[in-house]
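Notes follow the structure.
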Protein chains: 2
Amino acid sequence: MRIGELSRRTGTPTRLLRYYEEQGLLTPERAENGYREYGEHLVDRVLQIRGLLEVGFTTRIIKEFLPCLGNAPEIHLHNAYPDKIALLETELARLEDRIRILEKNRDAIADYLERIRPFAQRPEDRVPARAAMSAGTASPPNTGLLSSSPR
Amino acid sequence: MRIGELSRRTGTPTRLLRYYEEQGLLTPERAENGYREYGEHLVDRVLQIRGLLEVGFTTRIIKEFLPCLGNAPEIHLHNAYPDKIALLETELARLEDRIRILEKNRDAIADYLERIRPFAQRPEDRVPARAAMSAGTASPPNTGLLSSSPR
DNA sequence: CTTGACCTTCACATCAATGTCAGACATCGA
DNA sequence: TCGATGTCTGACATTGATGTGAAGGTCAAG
């Protein structure tokens, strides 16, 4: 398919599809006329890239992940050298850190929402905060979020 | 404490501490001479901020989360209005999406590492990838990562 | 009193991810 | 064939999170 269709199917501006290519994340064929030709599997690939970008990875790192994203037919064993493996391992560790952080924050926010929701008011009911406060919730505001190691 | 100490204790450049303040994430007192004065609890606060930034939240969103980060003594019930709650809920949903994406990717990378590790070679053993490939691993490269909904 | 470490504000630089526009060629339908 | 739409390359703008440096005030120790 050409860039427009891929754009529609992934909700990604063509500008970005070209950018991802420039960054080595996508390598479509070229038709006679110079138009990019994308294979079917690249729809998923693009969504993967977007997902990883959204959770804070850079294109450079994502590029390292590409062999794992493995919709491609090749197995990429030529990456099986210690330096590559080490890089993937440290990134994996960072990834696990991130997951832990996100889970803590999710829990904290969910807790907060639960504590707060009973007090939800429609706009016309608005009352100075003090009034609502005196109404309940003596529980301590202890919710501990966290926190990664400093970069 | 002053900005230098907070910086050392959080591993965060003073520049960023001032930036976070500018973004409304931190509101230290001021001493007579204009120096910023930070309370003890802001050490954790800063680490929380860094953690959230690292996993892809913007300062604007983090600001919305601040009431939940609750080391502050107040309970912030004045945020208990539907619009605020709705915002937190959608962010909570996004957060859960992110966690799912990260977990999928973690699994995919872990799998990949496991499949690849048996072939790890010390640099001096380097052989063209073909050689390694013919040695094994007929399993299909199916590892499916994913993928968020388009923004 | 001077030096050095720390603090202030202001401003410009950078980097990655995007937006946007311009000028030219390609393709397709009326 | 004409016009609309899609594509190409290239370049400049913007935004958010940072880095960096200038010019000057504060303060404690020698």
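Chain identifiers are assigned alphabetically (A, B, ...) following the order of the sequence lines, protein sequences preceding nucleic acid strands; residue numbering begins at 1 within each chain.
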Handout entry: Residues that B/Thr59 engages under side chain to side chain contact (heavy atoms under 4.5 Å, CB included), provided they are two or more places apart
Key =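 Scan of B/Thr59 (side chain to side chain contact (heavy atoms under 4.5 Å, CB included), adjacent residues dropped) gives B/Tyr19, B/Gln23, B/Leu25, B/Leu53.
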Practice task
Identify, with sequence neighbours excluded, every residue that meets side chain to side chain contact (heavy atoms under 4.5 Å, CB included) alongside A/Leu42.
Solution key: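 Side chain to side chain contact (heavy atoms under 4.5 Å, CB included) list for A/Leu42, sorted by chain: A/Leu26, A/Tyr38, A/Arg45.
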Whole angstrom is fine here: how far is it from [atom1] in [X] over to [atom2] in [N]?
X	N	atom1	atom2	value
A/Leu16	D/dT14	CG	C1'	14 Å
B/Ile61	D/dA17	CD1	P	10 Å
B/Glu54	D/dA17	CD	C1'	13 Å
B/Glu29	C/dC7	CD	C1'	17 Å
B/Glu22	C/dT8	CD	C1'	14 Å
A/Leu25	C/dA17	CG	C1'	12 Å
A/Leu17	C/dG19	CG	C1'	14 Å
A/Ile3	D/dC8	CD1	C1'	9 Å

Kindly write out the residues that satisfy side-chain hydrogen bond (donor to acceptor under 3.5 Å, both in side chains) with [X], not counting sequence neighbours, or none if the list is empty.
X	answer
A/Glu37	none
A/Glu29	none
B/Glu103	none

Handout entry: Pair listing, salt bridge (Lys or Arg N to Asp or Glu O under 4.0 Å) test, anchored in residues 59-68 of chain B, at least two apart
Key =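 For residues 59-68 of chain B: B/Glu64-B/Lys84.
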Could you list, one pair per line, each protein nitrogen or oxygen that sits under 3.5 Å from a nitrogen or oxygen of nucleotides 9-11 of chain C, together with the distance?
residue: C/dT9; atom: OP1; partner: B/Arg30; partner atom: NH1; Å: 3.4
residue: C/dT9; atom: OP1; partner: B/Arg30; partner atom: NH2; Å: 3.3
residue: C/dT9; atom: OP2; partner: B/Arg36; partner atom: NH1; Å: 3.0
residue: C/dT9; atom: OP2; partner: B/Arg36; partner atom: NH2; Å: 2.8

Indicate whether OP1 or OP2 belonging to [N] is found under 4.0 Å from a side-chain N or O atom of [X].
X	N	answer
B/Tyr19	D/dT18	no
A/Thr14	D/dT7	no
A/Tyr20	C/dT18	yes

Practice task
State whether B/Arg18 and B/Glu22 are salt-bridged, where the test is any N-O pair (Lys NZ or Arg NE/NH1/NH2 against Asp/Glu carboxylate O) under 4.0 Å.
Solution key: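 Here B/Arg18 does not pair with B/Glu22 in a salt bridge, since their nearest N and O are not under 4.0 Å apart.
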Practice task
Run the salt-bridge test on A/Glu89 and A/Arg94 with the 4.0 Å N-O cut-off and return the result as yes or no.
Solution key: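 Between A/Arg94 and A/Glu89 there is no salt bridge, as every charged N stays at least 4.0 Å from the carboxylate O atoms.
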Exercise for the section: Nearest-nucleotide wise, let me know which of B/Phe57 and A/Glu37 is further upstream toward the 5' end of DNA chain D. Expected result: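 Per heavy-atom nearest nucleotide, the more 5' residue is A/Glu37.
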Can you tabulate the close N/O pairs, meaning under 3.5 Å, that link protein atoms to atoms of nucleotides 26-30 of chain D?
residue: D/dT26; atom: O4'; partner: B/Tyr35; partner atom: OH; Å: 3.1
residue: D/dT26; atom: O3'; partner: B/Asn33; partner atom: ND2; Å: 3.4
residue: D/dC27; atom: OP1; partner: B/Asn33; partner atom: ND2; Å: 3.0

Practice task
State which residues pass ring-ring contact (aromatic ring centres under 6.0 Å, His included) with B/Phe57; sequence neighbours excluded, sorted by chain then number.
Solution key: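 Partners of B/Phe57 under the ring-ring contact (aromatic ring centres under 6.0 Å, His included) test: B/Phe65.
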Exercise for the section: Look at the side chain of B/Pro13 and decide which nucleotide, out of C/dT18, D/dG19, C/dA17, has an atom nearest to it. Expected result: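 Among the listed nucleotides, the one closest to the side chain of B/Pro13 is D/dG19.
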